[in-house]
Every structure is written in C-alpha cells, then in structure tokens.
Number of protein chains: 2
Amino acid sequence: MIAPMPRTADENPNPNQSGNGRSQRVRIRDVAEAAGAAQSTVSNALNGTGSVDPGTRERILKVASELGYVPNRNARGLRTDRAGMLGIMLSTRSEAGEVANVAYNLRLAGGASRAAFRRQNALTLLPPLRTREEAGLLVPDGVILADIEVDDLARAAFDEIGVPIVTIEADPGSPDEAYWVGADTPTNTRTGLDHLMATGATTIAYIGTDATGTWSVQSAKAYHHWCRERGLEPVAVTVPRTQTVRECAEALGRLLQRDPRPDAIFALTEKIAVSVVRRLGELDISVPHELRVLSGSDGDHAAQALPPITAIDLHPEEVGAAAVALLYERIEGLDTERPRIIRATLNARESTTGRL
Amino acid sequence: MIAPMPRTADENPNPNQSGNGRSQRVRIRDVAEAAGAAQSTVSNALNGTGSVDPGTRERILKVASELGYVPNRNARGLRTDRAGMLGIMLSTRSEAGEVANVAYNLRLAGGASRAAFRRQNALTLLPPLRTREEAGLLVPDGVILADIEVDDLARAAFDEIGVPIVTIEADPGSPDEAYWVGADTPTNTRTGLDHLMATGATTIAYIGTDATGTWSVQSAKAYHHWCRERGLEPVAVTVPRTQTVRECAEALGRLLQRDPRPDAIFALTEKIAVSVVRRLGELDISVPHELRVLSGSDGDHAAQALPPITAIDLHPEEVGAAAVALLYERIEGLDTERPRIIRATLNARESTTGRL
DNA sequence: GAACGTAGCAGAATCGATTCTGCCACGCAA
DNA sequence: TTGCGTGGCAGAATCGATTCTGCTACGTTC
C-alpha cells in the first residue's frame, strides 16, 4: 500500500497547468521554514501584530516577497470569520436589467471594484435580494446599496442578518442613518440654477422623476426653495422613472405651454436632458438662445448631444471608492466622518453658454 | 423534536449590530448532533457523496433545513481549494469607466450575477488586470472576459496562473479556443440585411467600428459576403470605438455622398444607430421612407429613438448566464458543448417598417 | 458453517491561516 | 544573588467544512 503523500516540498515542474491536485501555492509554513522562524512569527511580521524584532521582521518580509507568498483567503477567512468580499446591489427592486441610470451605475461599480481590489477584497455583484433567506445564502462582509428608495426590502434583509450597510445617497427610509456616500444635492442643484441664471435665464423650469430616492427628492426640494428665496414661481413637472423619450417630450410640452414660457430647464437626469434637447431640435427651438438646458448628472450622452449639454458631474467612480472606504470603516467599527460627500463639478457646455 | 441551541445561549439582545464576536451560525456539527449522526454522514447526505441510507438522508436534510444550516464558505473552500467566486472583467483595456457598450455590459453582468448566485457563488467585478502578479492577488475559480481584443494581456495573465477562462464572443487572438459564449454574428448580420431588403431597400450601407473584437470583425465580414453573394457593391465605413455623435454624423455624411445614395443602413451598435437616426432627423431625411436604419444591438436607446429603431436583440442576460454555466463546466472538467451560441431576435420597429 | 464482501456510519485527519499559551533569556530592582 | 517583569519567539489550538480510514453488522457464497 502506498503511503499517503503528505505533500512534497518538490517544485511542480509544470506550474502553468491547472493541476487536478491542489494548487501548489506558497504557504505560510514555507515562508517560516525558509526564514527560519515560526509560523506565528511570520504571521505577526506580515500583519504587524504581536511583537517581532525589527531584524526578524525585515528578513521575513524579504523571504515572503521572494517566494511570492500570497495568503490563502479561505484559511484566513475561516479563522477571522471574514468573507473577504463586499457586495454591491445596483438595483434593489427592478427585475432584469432595468437599472435606471446605467452609465452612472457602471462607473460607480467600477470605482468600488478598484477600491476593494486595492485591499485585496472582492466586490461581488448581487442580484436584487428581498428576503433574509436570500441574503443569507451569500453573506458578504458588508454591502453597498445603490438606488435605494423608501421601505426598501433589501436594507431590511441585510439589517436582519447583521451585515453592515452603506448606501449610495441617504436612505429615505432611515433619515438618521449617516452611513451613506453621495452628493450634496441641494448645493449642486442651486449651483446649476445659479449657472442658468448667470447665463441670462429669467424663468427656470424643472423636470424631475417620480422616483422616491433621496437624490430625486432633494433636488426637487432644493429647486422649490431656490425659487421661493427669489420670489419666483416654481414650474416643476415629473416623468415616470422609465424616462422614455416620449414621456420626456410630453413633460417638455407641458412646460412650453406655460406663460411666460420658461427660458431654461433644469433636467434632473442625463436621459431627460438628452431627450429634451433632441425634442427642442425637432420643435426648432434654439438651444441655448431661446431655451437653456442643464443636466443634473453628466455622462457621454450629455457631452455628445447636439448641442453638448451643460451638466453636473457627480463623479460616480469617486462615490464608489468612498463607499468602499466608509464600509470598511463601519465593518471595523471605526468612528469616522460620515456621511461622505463627494463634491460635484459643473461642466459648462453649449446648451447654456452658446458656441464657445 | 428538541429545539437544538446552536452554539451557546443567545446572549445578543441586539442582533442588528454586527457583533464583535464570531457570527452565531449553525455548523455542520450542530446538524449532526440534532440528527444523531456523524459530521461525515451529514456532509455526505447534503452533498450526495458517499453512501447514506435513504432514511438517514431524509432525516438529516429535514433537520438541516429546520436549523437553517448554511455551509461556511471559507471552511468548504479551504478543504476543497475553491474560492467560491467567479470573476468578470467587462473591459480588459480601457481605463476608468470607459466601457464601450454600457447597457449591454451591465445586462451581461446582471445575467451572470444571477446565474452565479443560483449556485451560491459570487460574481466579482474585476478591474482591468494586465499582469500575472495583479491577477494573482485575487484568484477566482474562473473568469469571464468580455470585450476581448487581439493580444489581450488579461487573457495571458489568467492563463499563466491557471485560471479557467470563458470569453464573451470568441477571442480573436485564439481562434481555436472554443470556450466562449456569444452570438452567431454572421447569421444575425444576414438576418438584419435580409430584413432591410424585405422592406424594400436596394442599396444597403454599413457602419461599424474600428474595434478588433470578434463581433465587430465578423459582422463586417458577413456584410461583405452578403453583398458579394448578391452582386452588390459593399459600402462600408467605420467610426472610432468612442462612437461619439460627431464621429457617427461624419460617417453618415460620407455615405450620403455616395452615388447611388444608400436607402438603408446597417449600424453595428446601438450608439451608432441612435446617432444616425438623430442626424437624419436634422437633415430632414425621412426614416424609413428615404432611408431605413437597423441596429446590430438592441437597448433602451434604440427602442426609444424617434422613430424607434429596428434592432437585433442579443439577449445579454442569457449570454451572461450561459457564460457562467460554461465556465463551471470548464472548471469541473466536463466536456460539454462549446461554444455556446445564444440565438438573437430581431425587433422590428418603425425605422424600417414605417408607422405600424 | 466459515470466509468474505460491502453498505453504512463513526472517528479523526486535513486544508492554511490566526492567535492563544507558555518558555526562555535578559534586564533591572531589591 | 534573587526575584520579577517583559520582549521575542516556538508550539499548539482553533476555525468548520470535506474526506480518509477503519469498524460493525449483515448478507452471500462455497
């Protein structure tokens, strides 16, 4: 009978092949042997825990790097009870690929992905989960919830199983919760409105959506405040969250019937802004001379419209990265600054400034 | 049946708080005790391995379900040498959020995410990785590479560390590799061209991109074949992969100068098609009466254009799900059918058929 | 009736990290 | 000199699953 091979120290002559056996990665034990130290010392040296002689530490780090040591995530996780991954849910409600602001969300996820990767953690894309049972099947160390609206089932599910949460924009259902990352929407909206006024507008209308998320709600509120402060009558309409071209055109139509006719429009989303500009082209209404248009969110489509649309860049990659950072701080129980506000910038383009 | 207390007595009055202690999940040992069986038997019963008496098996499954047992992923992974996650890289090259076909990619990732979740595996979003070292920091069980072009560094990196790969569309750099999922692009292109001809077109032009990915290359090739078969002169132009509105308008301009002027355009991407239709509106060229337009990829923007654009729906969610399935089969060494072709459907709309 | 094979299960080893426990040597104070 | 505290490290326990080994009871075959 052949004695069971307890794993030889021999080099695998063919390391490229995804062997049928266990992958022959360098273990902490190998580092310890090569450095002439105990496993515990190597672990302490690499993690900065315990007390290790500086000389010993140096030697261990050198050996580990030479051997190309990478800790086994499962072993570490088993001991520390960490999954080594964060979750991100781009939509907590919509079925299929019906995510609302596609470009924003993809850039958001990209930024979060990079930030997690830098910490050697995985960012996993979670499908919409509604119940505690579903959420319990794949438990990340923490979760980022985007596009969250009132009474969100996903938030409740993760709350119940004790997974730390950070939301993108404040959760309208939990106004006291400070663990969120997003924009200073009131300020951004006012900046946009001020810009429109500075370009000569006198009657500024507003097109938002009927979504109940914080961004949408806050922006509309800020618009009304801004108007009231100036003694202007607000002229606001909303489109359904599907924001189809037709719906946007109809909303625009309602605004154009107003008397006096607005000479500027603050459109909350890129999709609305693009549809509005296109429709104005069809109606032969000159942008920006007869009507200025500004978008509350920037992206390719706004930048490439004809004319290019002035837009507020919310920097979604930064938002994603900040969400990951805040989430780790929450997981680790650190009492850091929150919420985390990402400053937006206004990209002035022809739709408000005319040909440059 | 006795209500078995997993772990020690319940001393956490605030289950929402992420406890500082180890999470109190049910372990296989708890199931074994409650069912009066050995851990090994429970494991065999749950995994369908070894030989377990049907009665015992039944009892164990019942107990496990009652206790809400969910296996610890780290412990399992440590033993089986699996990460329990797949990676997906939406762009192997572009920096930042410059993914090309945003809507397609987000739906692709959504489909893959669901499919992985159903197997209790995580789908992790990987940032663009170019080197073996980068890829070694976070090693998934397998990886899906989308938007792959010739001489792709990401493919090489994962190949070197032995991570199984499935690509979205064939890898133009490895034509013999069959582990890919995608569309039957030649057939789809011909279907679109046939549709244009069936609606009365006689001179069909083509606008593609200069990307070197298989989809782009194959479609252009199919167009030329199709023309040759019919003795028609191909009229094809390309736009840079940025596909800005301006670039698309210029490409269209070149086509309109041709004599005879085309009466139909096959536009490869949704972005091109939308830009073309908009530009035609500006030029007062009637769609579809003077010029029919068809898009090689469907999405919201095509469906909501004015007029709505006939488009080929590539069913990206299905592609993503199939990619996950094929990847698992590759990981498990199964010799299953490959490549996996997802049948596309043609959504006929007004841009070719006129008002319905 | 003895020998043998096998289904079913219990017990223990194992994966590779972190972390607890305890030993040793050394420095300093009494 | 003796005693005590402590830095540094070795050894071993531990996390929770899978899987190997071997025992027992039962049936079958000669």
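Treat the numbers as computed from the prediction; the structure is a model and nothing was measured.
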Can you tell me the distance, in whole Å, between the CD atom of Glu33(B) and the C1' atom of dG11(C)? 14 Å
Does Ser43(B) put a side-chain nitrogen or oxygen below 4.0 Å from OP1 or OP2 of dT18(D)? yes
Can you tell me if Thr41(B) touches the phosphate of dA10(C), counting only side-chain N or O atoms and a distance under 4.0 Å to OP1 or OP2? yes
OP1, OP2 of dT18(D) versus side-chain N and O of Asn44(B): anything below 4.0 Å? no
Given atom CZ of Arg82(A) and atom P of dA17(C), what is their separation to the nearest angstrom? 18 Å
Nearest whole angstrom, please: distance from the C1' of dC15(C) to the CZ of Arg27(A). 10 Å
Might you confirm whether atom CD of Glu332(B) has over 12 heavy atoms from other residues, nucleotides or ligands at distances under 6.0 Å? yes
Side-chain N,O (Ser40(B)) to OP1/OP2 (dA12(C)) below 4.0 Å: no
Side-chain N,O (Asn47(A)) to OP1/OP2 (dT18(C)) below 4.0 Å: yes
What closest approach, in Å, do Leu327(B) and Gly142(B) show between heavy atoms, and which atom pair accounts for it? CD2-C, 3.6 Å
Would you mind reading off the distance between Arg57(A) atom CZ and dG7(D) atom P, rounded to a whole angstrom? 17 Å
Can you figure out which of dT18(C), dC15(D), dA10(C) approaches the side chain of Arg76(A) most closely? dT18(C)
For Tyr179(B) and Arg330(B), what are the C-alpha separation, side-chain angles and deciding distance, and is it a side chain to side chain donor-acceptor pair (under 3.5 Å)? CA-CA 8 Å; Tyr179(B) 278 102; Arg330(B) 178 166 206 179; 4.6 Å; no
Keeping Asn44(A) on the side-chain end and Ser40(A) on the backbone end, is there a donor-acceptor pair under 3.5 Å? yes
Please state whether the phosphate of dC9(D), meaning OP1 or OP2, lies under 4.0 angstrom from any side-chain nitrogen or oxygen of Thr56(A). yes
Show the numbers, then the answer: is there a side chain to side chain donor-acceptor pair (under 3.5 Å) between Asn121(A) and Tyr328(A)? CA-CA 11 Å; Asn121(A) 274 93; Tyr328(A) 272 111; 3.0 Å; yes
Between C1' of dG16(D) and CG of Asn74(A), the distance in whole Å: 12 Å
side-chain N/O Arg79(A) vs dT14(D) OP1/OP2, d < 4.0 Å: no
Of the nucleotides dT18(D), dG16(C), dT18(C), which one has an atom closest to the side chain of Thr80(B)? dT18(D)
Look at Arg29(B) and dG16(D) and indicate whether a side-chain polar atom (N or O) is within less than 4.0 Å of OP1 or OP2. no
Looking only at side-chain atoms of Ala38(A), point me to the closest of dA10(D), dA10(C), dG16(C). dA10(D)
Quickly work out the Asn72(A) CG to dC15(D) P distance and round it to whole Å. 18 Å
Can you tell me if the side-chain N/O atoms of Tyr69(A) get under 4.0 Å from OP1 or OP2 in dA17(C)? yes
Return the value, rounded to whole Å, for the distance between atom CZ of Arg73(A) and atom C1' of dC15(C). 16 Å
Below 4.0 angstrom, N of the basic side chain to O of the carboxylate: do Arg338(B) and Glu177(B) qualify? no
Asp53(A) has an atom CG; how far is it from atom P of dA25(C), in whole Å? 17 Å
Need to verify one output field. Residue with the more 5' nearest nucleotide on DNA chain D, Arg59(A) or Gln39(A)? Arg59(A)
